[in-house]
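All of these numbers come straight from a predicted model, not from anything done at the bench. Just so we're on the same page: letters track the sequence lines, and every chain starts at 1. Values below: all heavy atoms of this structure, side chains included; hydrogens, waters and symmetry mates excluded.
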Number of protein chains: 2
Amino acid sequence: MAANRRPTLADVAREVGVSAKTVSRVLNEDGPASARTREQVLAAVDRLGFQPNLMARNIRVGGPDTTVGLVIPDLGNPFFGAVARAIEDTVRDRGLTLLMGSSADAPDRERALTDKFLARRISILMVVPSVGADHSHLKSHRTAGLPVVFLDRPGSGLPTDNVVSTNRDGAHDGVAHLIAHGHRRIGFIGDLPTKLYTRRERLAGYRSALQEAGLPADRALITNAHDQHGASTATSQLLGLTDPPTALFAGNNIVALGIVTELARSGRKDVAVVAFDDVELAEALEPALTVVAQNPEEIGRTAATTALSRLDGDRTRALTITVPTRLIVRGSGERPAPALREA
Amino acid sequence: MAANRRPTLADVAREVGVSAKTVSRVLNEDGPASARTREQVLAAVDRLGFQPNLMARNIRVGGPDTTVGLVIPDLGNPFFGAVARAIEDTVRDRGLTLLMGSSADAPDRERALTDKFLARRISILMVVPSVGADHSHLKSHRTAGLPVVFLDRPGSGLPTDNVVSTNRDGAHDGVAHLIAHGHRRIGFIGDLPTKLYTRRERLAGYRSALQEAGLPADRALITNAHDQHGASTATSQLLGLTDPPTALFAGNNIVALGIVTELARSGRKDVAVVAFDDVELAEALEPALTVVAQNPEEIGRTAATTALSRLDGDRTRALTITVPTRLIVRGSGERPAPALREA
DNA sequence: GTGAAAGCGCTAACAA
DNA sequence: TTGTTAGCGCTTTCAC
């Protein structure tokens, strides 16, 4: 079957016997149009199956495309899924559509995606920046009026709005919870790479909690993993130390899955766990998993409203907005520490 | 700060002292260009921060936009996240970008999204169709050469490629597993609405397994839920019956979360569970959750490769491709049924 | 190897 | 109330 050319405004105009501009007027509810013409035009549109070419329209109007470019590390990670959903819900009312891509945390993939998005003249750019990515190339776009917001981690190379969780305080609270329950040797399994903003902040919170309690910082207890399987391996390694930790702090949701799975597999009910970021089924575990919950909905919504107000002309100073985390105590942080049992 | 006009091809041309066409040639590696001109052009592009306007290019070239329109029910559901990731991974090599939106399973939102996508002249349309949505309006686009693929559920109103799981057989196997372990009263908690394709298919599998075993089909054991909380409620209602089920079959991942959470909350370790679709932490539960796992990666990849081959001119008959599910036995289906204990 | 003119589908700015 | 002309930023066509 031949690929028929799609009908254009001109085709509709010819069909009705009016000018292209008249059809345009009817469809965009621009200027006036007699009831009769309107009817005829709409009928012809229907008959021909005409659908206006949005690209052509945009090019003529000159404004930005009605899309939001969103770069996240992984479409499959539920945390970013929740963020994306909140963003979509917020911008939909404004008629904006999501252009999405995953960077796999690789700076070159991130750059390729943003370049593509920019070439489409997106209305808003939102990025979860990869480690090592430089964003100074966005400067000219910013001054040209493009709202740029970084999510989950701050961008680098230019001043823009950032929306991040209270990583340091949240991790501090989670670790303090473990300490309050008698644990003195607490393992930390963070994300990778170690330069990652969230990794550093959460580790800083871990350290400050230890310090505050006068506990020594043992480097052997600090390790990393970049996926669930790696976190499982890291867990068994930590527990295999000659002086092993009695509690573990998970640096993110994926690490938490790895830790919990490994503990279940090896039947280690005696190891306390607190995780950064909530996970599904946390309350159905035995014991239920205590977490420092992030608020992905709020992160997405805040980022979107910030970007929209920039789009509306807000030229005030760039802000770093901090979305609070919340310690949800469910039990896993309260497993008796050996120190207490011996006492 | 004034919103400076972004530089155009003409600006670059003027800067170098060549024609616009020459710049175009250099950038697209179209016709010939002297090494010297090329250098100068590239330098000017860099200096001015020029980025070609993809919309303008597309409009002139007349081809479809290099995007894939994807409509899913919920960006936050990990199942669809995994599907989307697989799609992106597959189409990225072809230079295609994802245009995404969530329908919330509402036909009008689905229609609004697809219309927007079509107005952008997407290269491929992929949709998880909502219940009650009619797709006959896509007919003209199909004949005009637009590949249309339905995911997870078949579309209606026109012949197109569909990619779905082996819902019926999978559910059958899951329920048969419960029966094999002595259960005779098995509750079914399905998705909503009840007209949903996956709901119907999985229920049919449930019924066929009962029938095969010569077990009666008790309507009181069949119920539904449209979110996790609803599934929890449904669970306690089923267990509150005078002749309650000894096992539950979850119609999807969200329902599974609700069932498992409710059983944990009420301390009911005696109820067997099998879930359709795998969930995180399934193996860390006690007992570990037995599931009929779907293969979202394969669903996404298959849908994408099918669509790409259509884009390449494959005009063979529309196919409904079935991606196999896999019963993963982890323990929760093997809890002793009262019938056995009494024996 | 390079340029001039025309035109993709649409709308702004004017005129009628 | 409607039409005409011009032009958005780019590429095609054909000439040089």
Nucleotide by nucleotide, 5' to 3', does protein get under 4.0 Å of the base (B), only the sugar-phosphate (S), or neither (-) in nucleotides 5-14 of chain C, counting heavy atoms?
-BBBBBBBB-
Please give, in whole Å, the distance from D:dT11 P to B:Glu29 CD?
13 Å
Do the side chains of A:Ser140 and B:Arg6 get nearer than 4.5 Å, heavy atoms only?
yes
Applying ring pair (Phe, Tyr, Trp, His ring centres under 6.0 Å) to B:His141 and not counting sequence neighbours gives none
Residues from residues 33-49 of chain B lying under 4.0 Å of DNA chain D - heavy atoms:
none
Would you mind telling me which of B:Ile72, B:Asp105, B:Val83 makes a side chain to side chain contact (heavy atoms under 4.5 Å, CB included) with B:Val128?
B:Ile72
Any side-chain heavy-atom pair from B:Asp65 and B:Ile122 closer than 4.5 angstrom?
no
Is the phosphate of D:dT4, meaning OP1 or OP2, less than 4.0 Å from a side-chain N or O of A:Ser19?
no
Is there a salt bridge (charged side-chain N to carboxylate O under 4.0 Å, His left out) between A:Asp108 and A:Arg111? Walk through the geometry before answering.
CA-CA 5 Å; A:Asp108 53 337; A:Arg111 178 63 186 266; over 6 Å; no
May I ask you to check whether B:Thr66 and A:Arg120 show a side-chain donor-acceptor distance below 3.5 Å?
yes
Measuring from atom CD1 of B:Ile124 to atom CG of B:Leu98, what distance do you get when rounded to the nearest 0.5 angstrom?
10.0 Å
Over how many whole Å does the gap from B:Arg14 atom CZ to C:dT2 atom P extend?
19 Å
Measuring only between side-chain heavy atoms, which start at C-beta, is B:Leu27 closer than 4.5 Å to B:Leu9?
yes
